[in-house]
Amino acid sequence: MDLLEYQGKQLLADAGVPTPAGDHANTVDDAVAVADRIGYPVAIKAQVQVGGRGKAGGIKVAGNSEEAREHASGILGMDIKGHTVLRLWIEPAAEIAAEFYASFTGMVSAEGGVEIEEVAAANPDAIARVHIDPMLGFHPYHATNLVYRGGIPAEHRRGVSEVLTQMFAAFESLDAELLEVNPLIVTTSGDVVALDAKVTLDENAEFRQELERFREIFATDPQERAAKEKGLNYIKLQGQVGVIGNGAGLVMSTLDVVAQAGGKAANFLDVGGGASAEFIANSLEVVSSDPQVKSILVNIFGGITRGEEVANGIVAALDEVDIPQPIVVRLDGTNAAEGRQILGDNPKPNLHSATTMLEAAAEAVRLAQGA
Amino acid sequence: MDLLEYQGKQLLADAGVPTPAGDHANTVDDAVAVADRIGYPVAIKAQVQVGGRGKAGGIKVAGNSEEAREHASGILGMDIKGHTVLRLWIEPAAEIAAEFYASFTGMVSAEGGVEIEEVAAANPDAIARVHIDPMLGFHPYHATNLVYRGGIPAEHRRGVSEVLTQMFAAFESLDAELLEVNPLIVTTSGDVVALDAKVTLDENAEFRQELERFREIFATDPQERAAKEKGLNYIKLQGQVGVIGNGAGLVMSTLDVVAQAGGKAANFLDVGGGASAEFIANSLEVVSSDPQVKSILVNIFGGITRGEEVANGIVAALDEVDIPQPIVVRLDGTNAAEGRQILGDNPKPNLHSATTMLEAAAEAVRLAQGA
Amino acid sequence: MAIYVDANTKVVVSGLTGKEGRFHALRNRAYGTQVVAGVTPGKGGQDVEGIPVFDTIAEAVKETGANTSLVFVPPRFATDACYEAADANVDLIVCITEGIPVHDEAPLYSYLRYRDVPMIGPNCPGVLTPGVANVGIMPTEIATPGRVGLVSRSGTLTYQVVHELTQKGIGQSTCVGIGGDPFIGQFHIDVARRFNDDPDTDAIVMIGEIGGDEEERCAAFIAAHVDKPVFGYVAGFEAPPGKKMGHAGAIISGSKGTAQAKAEALEEAGVAVGRNPSEVAELAAARM
Amino acid sequence: MAIYVDANTKVVVSGLTGKEGRFHALRNRAYGTQVVAGVTPGKGGQDVEGIPVFDTIAEAVKETGANTSLVFVPPRFATDACYEAADANVDLIVCITEGIPVHDEAPLYSYLRYRDVPMIGPNCPGVLTPGVANVGIMPTEIATPGRVGLVSRSGTLTYQVVHELTQKGIGQSTCVGIGGDPFIGQFHIDVARRFNDDPDTDAIVMIGEIGGDEEERCAAFIAAHVDKPVFGYVAGFEAPPGKKMGHAGAIISGSKGTAQAKAEALEEAGVAVGRNPSEVAELAAARM
């Protein structure tokens, strides 16, 4: 789960990392009121789950109420790499004396473990990485090696070390997959402050983390929003063939063979392992609701997911919701025969069957193009 | 640092382990008052830093004030394996339904790490041990393996698992070398309670632990008390030759050669590495104050401790305090020549020099027996 | 002899008394796998269709000689079962469980590497040595004994390729689904090393996917150390950058981790790379 | 070639700018040891009598080719210096520091075993290969080059035995003081293995002490694996039970861990055991 900047900063602040005090706003008037309350100059920052806001014009400094209104109006509603800006964060504009970059991520290196990706001074060559054994955790020598080898100036070493230690503690206690601060600044008064925060939390840790508070549905695309609400693993793409499959690798491969058959996939949708009939029905409904989808390819190879469940799901979905597009179903693996039997016993006019993945892709593309 | 039972129980209680509520007393009257306040029956328990109190008669149950007075009088002042009972602990007598034993200790096994020694049911064959990687810590599977393989009855498994988990947390957070509960009981009402506690804390961790609160000097032997006050590593023995040396192994070996020379050492005193002149002087003073000491053997082999420091210490001690016994000094290793030079430049009537350890031991024994 | 799993494999199933554990353990046994024990604390002394259940893995190992741990317990308990299996000195752990937090997986990964206990998974379909033993959830009817070793992160994509191979008459020595999580016990490179050393394997089919640099590292390993023919496929040519494609690690960061780059790295290492599951199977069939 | 320390040893000293570190590092250098670097965070760029100081061990290793870490920093920082040295890929760590909490030493022990980095100490006098290199605080004037390897937990007792050997004309290949704490990096058994494999060592002198079962385990190892003559001494025949004799591990528990029992175990393993430092040296002298 990718957090918005202000959510990430709140978590860092909870962990003791100094962050600018600010507030968020969803409207221009609110934004101006917040800016007035904070006092100028303020930074007005688009809250989107994607990098590169600054370059895209999503971060502006306002020196007074008029500028605040102007910038808030300009940024709210902006499209940044396909993300519509629906929320702003307003904070005091910092006087920056020095900028650094710090990041913790779980990566496997030669020996596995957690890597702090980079602690770079303004000079991009000055990058230090350390490998942190997750059994051992973050020790003072890790911080020492990062601040010295990363070229942090003498007067900021203690402050940066302390923030790195706090960041790692937060990285672990929050079940973060990524914790990145860029820039980690030193103000002209000498304070080390996290001026931005990129935090990705692990949804698998939901049983011990309070993730619900961050679960805002910002997707403006109706299929993405519906998929999120139903807990489907859905990614919108640009083609005409809706794709549903089980297993990330198989679905990725299905996108590939659709392209090789001369079409383009409209989406990625992985129903995962052991998906129930209801799950399959929901998936069909979401994919079908996309007006650019001209045909749907269901590619299931059974392991935990059993063929009869998939078939029941398809039959149930077709009974309950109106699926206008032709559906090509390809079923193999565990209980595939039973599944095919169920489909055969419940004939539908728009239901097509294929015996191989390549045939299924070709048929789906043909139907999409013929439609 | 070996804690008294009631000190260890307090630490366990802080860690969440259920322990009986009680109070300590240093006099018979106080003990009776505490017992009256708690309500009968109470257990009256000698607080000494040695095991086997129960067998020695140091634990009694009193059913009323008269019995409390009788038992408190009997136990206070008792000698238990050389330890005089100066303090009592009084707690409600427990109604025991089942008894277990649980212990954590830092031991090196084939792969190193922390061992939970034993969790035994009444049946002494039912002992389970697990090795805990200190980088990994105590995980639920450790508790599961201990309670099942240790034969803990089904109804007590959850409670015992919880206490084991709390004990390990305390073992780590307190810098304990040993944390032992024997017995860990289940009361007739089904509660798991630590009825005794044997806790040894690591004095090397003093920089991060508050050890001073436990540092009560119970030693009744005047040399042991003086040595503790001066921070000397002193152990009283039964012979006539006072022994001072540097390094635990060398001092142990010195005890051996004194015995082989026909004498017996009066003490073990290791001045350690890099001991200063003052430290040496303090050592001589404490050893010399023992009336059973008839001669003193100083056996120094220099490494970190340099010969001139030892020599200066001996000279300073002889200038400041009156050492009636003859002293045999044997000096070798780093800067031994300089040290011998200093001793030669400061002749004292009772100062003897020896060139080898065996000669020094023989000379010290001869002087002790001739005195 | 195959790799990881063979006729000497004796499986102890953590979570045997659960729904999925029971279903797949019995299925594995029906295939001929020696499923000798189950473990569920508190259910020691029971049995599941004749498979004895123990309270701890240590007891199961002691009583039955189990040497392979198969883990089906829910995510919050799964890493604990793997630690327990390692401490009980099994030779192999196969962890099927999906959805384990990465901060639980990371120290487990470290511990198992240090202890030198190979783990397949987590979040994987397991290991199938066709005709001999199946430890996990792979559908067995699509596989057939033979001399091509197969390794993949993906479950169902593995099945797809196995299916294609079988249909083309190419049997498999062992099929290994290593799992889609960032911290898995055995990587492509570990499996490739074993296949290269396995006298019953003549060629290797390696299925990669976008994200990370594992395929690139494995390509370097293949170029330096593997003398058997290797056939490859990388899924995700159509995956857009910056999107996590189902698996936690399957994400193209900037221009790094693309299927194109991985396919090229494998080709440079001498691997014959197909552009879809059928093509890689055809390439293998043409050479065998 | 001696063991642990030889002419190729290049030492980086953690704590070089401290009083003890400086004293002993310069002494080691004066003996002929290659002391190539020091480390004190914040003092990088300085030097101690020509020995360059770095902020981190990694930098020192990179710039000077140091392969051996010698640690003199205070107890609360010492284990961190050892972890840092291991991560900087040195071949050997010698940790002199005394007084490190056992709960800091225990995970370090585990980490170094897993990473396969040998450590001498903590709380030890170091390693001396007479005439070649001294890494630690042993007095060198008592030692002389030769072909007897010596290992002991105790510092000064080691010196005593080395001194006795030298006086009897018996030179030493390497003298190893493994340290008196419960968690030390290398035990008697590890050192005995190396001496047995060392072509420059003809015989081994092993000094034990009361407490634990290390001498017993080493005796079993000697009986099974060591073909060179071994001479032994165990200190503490006069130690009373239940008292910790200076070293954290030196305590007789009940009837276990006595000098008598250890001496007998060694004798049963074919070790010639002396009853004091002079006697063990005499036994060795008589055989060499």
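In what follows, chains carry the letters A, B, and so on, assigned in the order in which the sequence lines appear, proteins first and then strands, with residues in each chain numbered from 1.
Using a 4.5 Å cut-off between heavy atoms, Asn233(A) touches chain C through its side chain atoms alone. Contact annotation for Gln160(C): both backbone and side-chain heavy atoms come within less than 4.5 Å of a heavy atom of chain A. Proximity to chain C (any heavy atom under 4.5 Å) is restricted, for Asp202(A), to the side chain, taken from C-beta onward.
Using bins of under 30°, 30° to 60° and over 60° for the plane-to-plane angle, the ring pair His103(C)/Phe171(A) lands in the perpendicular bin.
The closest side-chain heavy-atom distance from Thr158(C) to Phe301(A) is not below 4.5 Å. Side-chain contact between Glu238(C) and Leu237(A): absent, with no pair of heavy atoms (C-beta onward) separated by less than 4.5 Å. The shortest distance between side-chain heavy atoms of Asp104(C) and Arg208(A) falls below 4.5 Å. Within the 4.5 Å cutoff, no side-chain heavy atoms of Phe268(A) are placed close to those of Lys243(C). Residues Leu255(A) and Met245(C) meet the side-chain proximity criterion, which asks for heavy atoms closer than 4.5 Å.
For the set Ile100(C), Val162(C), Val161(C), Leu157(C), the entry with the most heavy-atom pairs within less than 4.5 Å of chain A is Leu157(C).
For residues 353-365 of chain A, heavy-atom neighbours of chain C at less than 4.5 Å comprise Met357(A), Leu358(A), sorted by residue number.
Using modelled atom types, one side-chain atom of Thr156(C) and one backbone atom of Asn246(A) make a donor-acceptor pair closer than 3.5 Å.
Between the side chains of Asp332(A) and His163(C), a donor-acceptor pair is found at a separation under 3.5 Å. Between the side chains of Asp133(A) and Tyr111(C), no donor-acceptor pair of N or O atoms lies under 3.5 Å.
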